[in-house]
Amino acid sequence: MTSKDTQAAYDLLLQHQRQLAPAVNSAVRTACADAPELERAVLALLETDASSGSPFRLLALPVHGALTGDVEPAVPVCVLSRLWWAGAEILDDVMDGQFDPRTAGLSAAAVTVASTACLTLLPQEIIVRQRFPDELKAAFGRELNRATIESADGQLADVAQDTTSDFWKRTMTGYVGKTGAAYGRDAAMAAMLAGRTEQEVRGWRVFGRLFGVLRQTANDRAPATAEQDADLANGTPTLLLAYALETLPPAEAEELGRAHAHAPRDAHARGAVWDRLRRPDVAAGYDRRIATLRQRSCELLQQLAAPSPHRDVIQWMVGVSAESSQLTDQDGIAA
């Protein structure tokens, strides 16, 4: 981001990020006015959710800004999204055994109930309470349900841990579901709010899904060592693993698959998988696929929105996500 107008659009995004927590807490108190125990549990969970600081989760704001010049009408989408992500992230951590209910001052049962409410009931309540036309409320409800169902399916693909044929395709489908569907939902809702056609809404949904895949690959890339890699410890299939198993010679792919299967129980196997996935023959090819995802996202964005500072912010989001996903730096050296 270089221009003053683009910087101003980005600063506005950060301003809304700072204001989001009070807006979400207010929405929870309103929705749970007759449910004090649920209110207490949900607010406690929101306090523990570290993902709330991500500006990328505010995608709806620059999308609406790019289409209308005004980000403000998309704030309810961000409130809905914040609750949904809190529920999804915490339930995922509970399933992986990485969430300690004591950090929120809650029982395990209370965490499960509250996170499920964040994922399902409370986003619906946010929609119901908006001063939207009934037709738009119904469209938002359908979009929310679609994304939640696709996310659940993507999570199930994660736990299946099946590395047989068509692994890249099935893993990509899982990524589009577990992460891409939520970003696609938010982009589509912003386009609906902007009064765009059904075809344009579909385009923004596809863009959001592609962007969500890049956010997931950036998350995959975040660990600096094998010991920090929760996906290896959990045996979670990743796009990087899928690429390696698809492109390595059969004997090497088979050896890698066996090591990955032992990784949850064997630190040596985790180290071996980590090292093999970062050798140049895998890393360079994987980075080219990340570059292709970036290019497709940018091309679609240019088709969907005219040049503007808000579109520049979305472009920046795509670029940062792609760069954070790559295994090598610009000189081809393992990062």
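Only this structure's heavy atoms are used, side chains among them; waters, hydrogens and symmetry mates stay out. Predicted model only: the values in this text are computed from it and were never measured.
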Please tell me whether [X] and [Y] are part of a single hydrophobic cluster in this structure, the criterion being side-chain heavy atoms less than 4.5 Å apart.
| X | Y | answer |
| --- | --- | --- |
| Ile290 | Leu241 | yes |
| Leu20 | Phe56 | yes |
| Leu43 | Ile90 | no |
| Leu301 | Val201 | yes |
| Met317 | Leu14 | yes |

For [X] and [Y], indicate whether the former's side chain and the latter's backbone hold a donor-acceptor pair under 3.5 Å.
| X | Y | result |
| --- | --- | --- |
| Asp287 | Leu327 | yes |
| Asn234 | Thr236 | no |
| Arg311 | Ala66 | no |
| Ser325 | Ala218 | yes |
| Thr30 | Ser26 | yes |
| Gln130 | Ile126 | yes |
| Glu200 | Thr197 | yes |
| Tyr175 | Leu239 | yes |
| Lys178 | Gln155 | no |
| Arg196 | Leu67 | yes |

Can [X] and [Y] be counted as an ion pair, charged N to O under 4.0 angstrom?
| X | Y | result |
| --- | --- | --- |
| Arg185 | Glu150 | no |
| Glu227 | Arg270 | no |
| Asp281 | Arg279 | no |

Any side-chain donor paired with an acceptor under 3.5 Å for [X] and [Y]?
| X | Y | answer |
| --- | --- | --- |
| Ser321 | Arg215 | yes |
| Asp11 | Gln15 | no |
| Glu299 | Gln303 | no |
| Asp186 | Ser81 | yes |
| Thr247 | Trp168 | no |
| Thr238 | Asp231 | no |

Could you check if a side-chain atom of [X] sits within less than 4.5 angstrom of a side-chain atom of [Y], using non-hydrogen atoms only?
| X | Y | answer |
| --- | --- | --- |
| Leu46 | Leu83 | yes |
| Ser324 | Arg221 | no |
| Leu193 | Phe140 | yes |
| Leu45 | Phe99 | yes |
| Thr6 | Gln315 | no |
| Leu240 | Thr217 | no |
| Leu12 | His16 | yes |
| His310 | His64 | no |

Stacked cation flag Lys169 on Phe167, 6.0 angstrom / 45 deg: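 Lys169 over Phe167 ring: no.
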
Does Arg265 CZ have over 12 foreign heavy atoms under 6.0 Å away?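 It does: Arg265 CZ has more than 12 such atoms within range.
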
Is the count of non-hydrogen atoms from other residues, nucleotides or ligands lying under 6.0 Å from Glu255 atom CD greater than 12? no

Heavy atoms only: give me the nearest Ala114-Leu38 pair and the separation to one decimal.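 Closest approach of Ala114 to Leu38, heavy atoms only: CA-CD1, 4.2 Å.
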
Any chance you could measure [X], atom [atom1], to [Y], atom [atom2], to the nearest 0.5 Å?
| X | Y | atom1 | atom2 | value |
| --- | --- | --- | --- | --- |
| Leu210 | Thr292 | CG | OG1 | 11.5 Å |
| Arg289 | Glu246 | CZ | CD | 4.5 Å |
| Leu293 | Cys298 | CG | SG | 11.0 Å |

Leu245 and His260: CA distance, side-chain angles, deciding distance, side-chain contact (heavy atoms from CB on, under 4.5 Å) verdict: CA-CA 11 Å; Leu245 292 178; His260 184 263; over 6 Å; no

Determine, using ring centers only, whether Trp204 and Phe211 are less than 6.0 Å apart. no

